[in-house]
Amino acid sequence: MERIDQLIEDLPPMDLMRSEKMTFVQLIIPAESAHRAISYLGELGLLQFRDLNADKSPFQRTFVNQVKRCGEMSRKIRFLKDQITKAGLLSLTSPDLEPDVELEDLELHLAEHEHELIEMNSNGEKLRQTYNELLEFKIVLQKAGGFLVSSNGHIVADELELSENVFSNKNYGDAASLLDQEMTPGPSNHSGLRFISGIICRNKVLSFERMLFRATRGNLLFNQAPADVEIMDPFSTDTVEKTVFVVFFSGERARTKFLKICEAFGANCYPVPDDISKQRQITGEVSARLSELETTLDAGIRHRNKILSSIGFNLTKWTIMVRREKAVYDTLNMLNFDVTKKCLVGEGWCPIFAKGQIQEALRRATFDSSSQVGIIFHEMDAIESPPTYFRTNRFTNAYQEIVDAYGIARYQEANPAVYSVVTFPFLFAVMFGDWGHGICLLLGALVLLAQESKLSGQKLGSFMEMLFGGRYVILLMSLFSIYCGLIYNEFFSVPFHIFGGSAYRCRDATCSDAHTVGLEKYQDDPYPFGVDPSWRGSRSELPFLNSLKMKMSILFGIAQMNVGIILSYFNARFFGSSLDIRYQFVPQMIFLNSLFGYLSLLIIIKWCTGSQADLYHVMIYMFLSPTDDLGENQLFWGQRPLQIVLLLLALIAVPWMLFPKPFILRKQHTERFQGRAYGMLGTSDTDIDVEPDFARQNHEEFNFSEVFVHQMIHSIEFVLGAVSNTASYLRLWALSLAHSELSTVFYEKVLLLAWGYDNLVIRLVGLAVFAFATAFILLMMESLSAFLHALRLHWVEFQNKFYFGDGYKFKPFSFASITEEDD
């Protein structure tokens, strides 16, 4: 045993397997260098601060005003960004032509730009509203004239077709008075006939007409004509379709009702005089004012876009600057002022390897801020468990994220991501094995890798971001799929004689009885690599592949579960828990391998000897009749006594897991604290108050029933899980068989069936259906299914043997991790 321990000690340290060693540190920072020190630490990104003001609300913290100012600046930057987006301009990043501005100067710049843009938007909306009113007035003048009849009864529609090039000789004062005056009653009004003209949104015309009809009980004449020009809403900038209307009625009371109804429906009424000369004069004046307004609006838009373009060049730099300042002040709010109010005290976690870098950053901050007092940086003892930090790269990050999705590793426990780099894509490939489909996946992964530098700087959608983040996972999955496809000898379900000739052949030249009678073996040398391609289409194909893949799944499952239990040994050894080694690791290894390890041994022996023994019968009667003679199911000498020994060991392992550990824990607790009551007699109340928290926790009574129930649940879970987890690995066989059979169905029933017709159209349709089924069903749906099943095998069957996953992630203060949500 000592030699084994020495051998394990001589192994190189598993740096990738354990999280980084962390240390708890305290910083005492002079007030004049605090901001610069936190900024330098944010650029370094290797120190996680602990909130020392967790009992205070955000409004009670020291730098709350600075945080509010940064929040206000963020709001102004978002406003400017929205204005640039609405104007259809791009926010460009220019080279650093301008020197860096201070926060106070940036605050003034943003306030000035916001005020200027708000004023320009307000003036633009007013001008646009005036332009819309004049445009509507012009449309009403043009359309309403066709409905008006002169006092002599002649229709004057043709005379009211006015050209936009006719302008009045009157001065501007006369024009203004004509536009503002009310409509003068014409000769037709002697008989009491009146009219109102205006314009309304097209989708409200029916309701508007119905309301007018009800208000006058049908005593009106309603005429309408669609406007030829769409009018832009100054607030929503959307174009609106409108309709011109003219309502003829009689009576002053009806006129009052109509005006109220028009106001309720948002219809704009405009006076149209009966006199043709006045209509021409007003139309000319309106056209002239519209031309002036168009020129003014265009000039305003050009000026506004010029200002927004100049803002857009610096907007990215300003955004980063404000985000960083806000993050710095948020972090400063986590620090405490000391009694003298001259220093800030901070605490946090950092990796041990980063201490030198942090101290160098603090020295630079002291020098750059011209502080007379240096920053004190020293280590402290901590009660709580340190955070978990794994250093990853572009390749290993995706695998670490897969493990972290289950739970963050406990501090310094074995990291499953190290093994998942190989086992995860391999188990995926066992279910997805087809080297044709694997090549398709490989091409997709290579495209993502070729575009890596381009896509890494872009904002991607959720699906594309997931694919890009797992590009190296897809790469390994495709490579392993090609390997397993060569083992299965399947290329889009078609076998090929790649590695030489087959050991089997048909009984006749036509191979007509291959599926009914079977093949004959004509040489002793087996196929060099993978499954013999002649099995495809033979009578024994399905039974042979089922047996192969089912036994192979069990072997892979038992091997991976054994690796998980072995990792629990390394965890227990690392944390110095000899109880877990003696009363958890040892009985678990004995139980699992006495039953299912023995089954794996039988599978290998059967493969090597070519025996016809029924392994189902062997395993069932190992429990029901362990002393009976095995007969033809005996695979090796001494098999029956070995089965009896293994069965006894499995039965002994269950109480070995269940009973010793809780009783030993209670004994250790009793021995450790049996003199505690007498030791407290010499202490005062003050001594008790200042006693550390961890010492106070040990005074709690040992809850034996809780520990025993927990151990019982753990033991039952392992015993039942050994059976269910082994059966769960049969999904490798099931999904591999399903993938192979689906590929065969699409190949034979779609592609070959279509190719059997001597018709180009049918062949093209069959090829298109086959390509669609391959891409969307076999490559997308089947790959997603295999991915999820491989994920379950790692999370449940593998990681529950050793992985606690109850830690918390190391989240250092870093400018690189600031996102838009932090605004």
Side-chain angles (χ1 to χ4, degrees), residues 1-5 7-8 410 413-414 416 419 554-603 618-620 622-624 626 639 641-669 702-729 793 795-806:
M1 191 66 181
E2 293 180 359
R3 293 182 63 184
I4 296 176
D5 292 343
L7 180 64
I8 294 174
R410 181 181 291 183
E413 78 167 322
Y419 308 94
I554 293 175
L555 292 179
F556 288 149
I558 299 301
Q560 190 174 33
M561 288 192 289
N562 272 293
V563 171
I565 298 175
I566 292 171
L567 288 177
S568 71
Y569 164 78
F570 284 103
N571 269 344
R573 182 180 178 83
F574 181 82
F575 293 115
S577 176
S578 60
L579 284 179
D580 287 340
I581 296 176
R582 295 172 186 169
Y583 305 109
Q584 190 164 305
F585 164 72
V586 174
Q588 285 182 357
M589 287 293 290
I590 291 174
F591 182 84
L592 181 67
N593 291 291
S594 295
L595 301 179
F596 301 103
Y598 174 64
L599 174 61
S600 302
L601 177 65
L602 294 180
I603 291 173
V618 172
M619 294 304 297
I620 290 172
M622 179 179 174
F623 294 92
L624 298 181
Q639 182 177 352
L642 177 61
Q643 289 185 175
I644 295 173
V645 172
L646 292 177
L647 185 59
L648 292 175
L649 286 175
L651 294 176
I652 293 171
V654 176
W656 191 351
M657 275 188 287
L658 176 59
F659 293 109
K661 187 176 177 180
F663 289 98
I664 293 174
L665 286 175
R666 184 175 67 172
K667 180 182 177 183
Q668 289 179 351
H669 184 273
F702 180 77
N703 194 337
F704 174 76
S705 61
E706 182 179 346
V707 173
F708 186 82
V709 169
H710 179 271
Q711 186 66 24
M712 181 174 64
I713 292 173
H714 184 77
S715 301
I716 295 173
E717 181 184 14
F718 179 82
V719 171
L720 298 180
V723 180
S724 64
N725 293 164
T726 305
S728 182
Y729 276 94
L793 289 176
W795 280 0
V796 179
E797 278 70 30
F798 174 54
Q799 291 178 192
N800 72 348
K801 301 294 185 295
F802 67 97
Y803 189 64
F804 291 98
D806 56 355

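When a residue number appears, it is its place in the shown sequence, counting from 1. The model shown is predicted, which means the values in this text are computed figures rather than measured ones.
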Drop me the distance from [X]'s [atom1] to [Y]'s [atom2], to the nearest 0.5 angstrom.
X      : Y      : atom1 : atom2 : result
Leu646 : Leu599 : CG    : CG    : 12.0 Å
Phe556 : Met561 : CZ    : CE    : 13.5 Å
Ile664 : Arg582 : CD1   : CZ    : 8.0 Å
Ile644 : Gln639 : CD1   : CD    : 11.0 Å
Met619 : Leu595 : CE    : CG    : 6.0 Å
Ile590 : Leu648 : CD1   : CG    : 12.0 Å

Which atoms form the tightest heavy-atom contact between [X] and [Y], and what is the distance?
X      : Y      : answer
Ala414 : Asn571 : N-OD1, 2.8 Å
Pro655 : Pro660 : O-CD, 3.4 Å
Ala650 : Phe591 : O-CD1, 3.4 Å

Modelled atom types, side-chain donor and acceptor of Lys801 and Asn562, under 3.5 Å: no
Does a donor on one side chain and an acceptor on the other come within less than 3.5 Å for Gln560 and Tyr419? no
Mind checking whether [X] and [Y] have side chains closer than 4.5 Å, heavy atoms only?
X      : Y      : value
Tyr729 : Leu793 : yes
Tyr583 : Gln711 : no
Pro626 : Gln643 : no
Met657 : Val719 : yes

Using the rule given for side chain to side chain contact (heavy atoms under 4.5 Å, CB included), can you reason through Phe798 versus Leu567, listing the C-alpha separation, both sets of side-chain angles and the distance that settles it, and then say yes or no? CA-CA 10 Å; Phe798 174 54; Leu567 288 177; 4.0 Å; yes
Pair Lys661 + Asp580, salt bridge at N-O below 4.0 Å: yes
Steps toward side chain to side chain contact (heavy atoms under 4.5 Å, CB included) verdict (Ser715, Val654): CA-CA 7 Å; Ser715 301; Val654 176; 5.8 Å; no
Check against side chain to side chain contact (heavy atoms under 4.5 Å, CB included), Phe802 and Ile566: CA-CA 8 Å; Phe802 67 97; Ile566 292 171; over 6 Å; no
Side chain to side chain contact (heavy atoms under 4.5 Å, CB included), that's the test. Do Tyr598 and Met622 meet it? Break it down for me. CA-CA 11 Å; Tyr598 174 64; Met622 179 179 174; 4.0 Å; yes
Fit a plane to each ring of Phe708 and Phe663, take the angle between them on a 0 to 90° scale, and name the class: parallel (under 30°), tilted (30 to 60°) or perpendicular (over 60°). perpendicular
Give the ring-plane orientation class for Phe585 versus Tyr569, where under 30° counts as parallel, over 60° as perpendicular and anything between as tilted. tilted
Quick check: does any side chain N or O of Gln668 sit under 3.5 Å from a backbone N or O of Leu665, one acting as donor and the other as acceptor? no
Whether the side chain of Ser600 engages the backbone of Phe596 through a donor-acceptor N/O pair (distance < 3.5 Å, no angle test) should be reported. yes
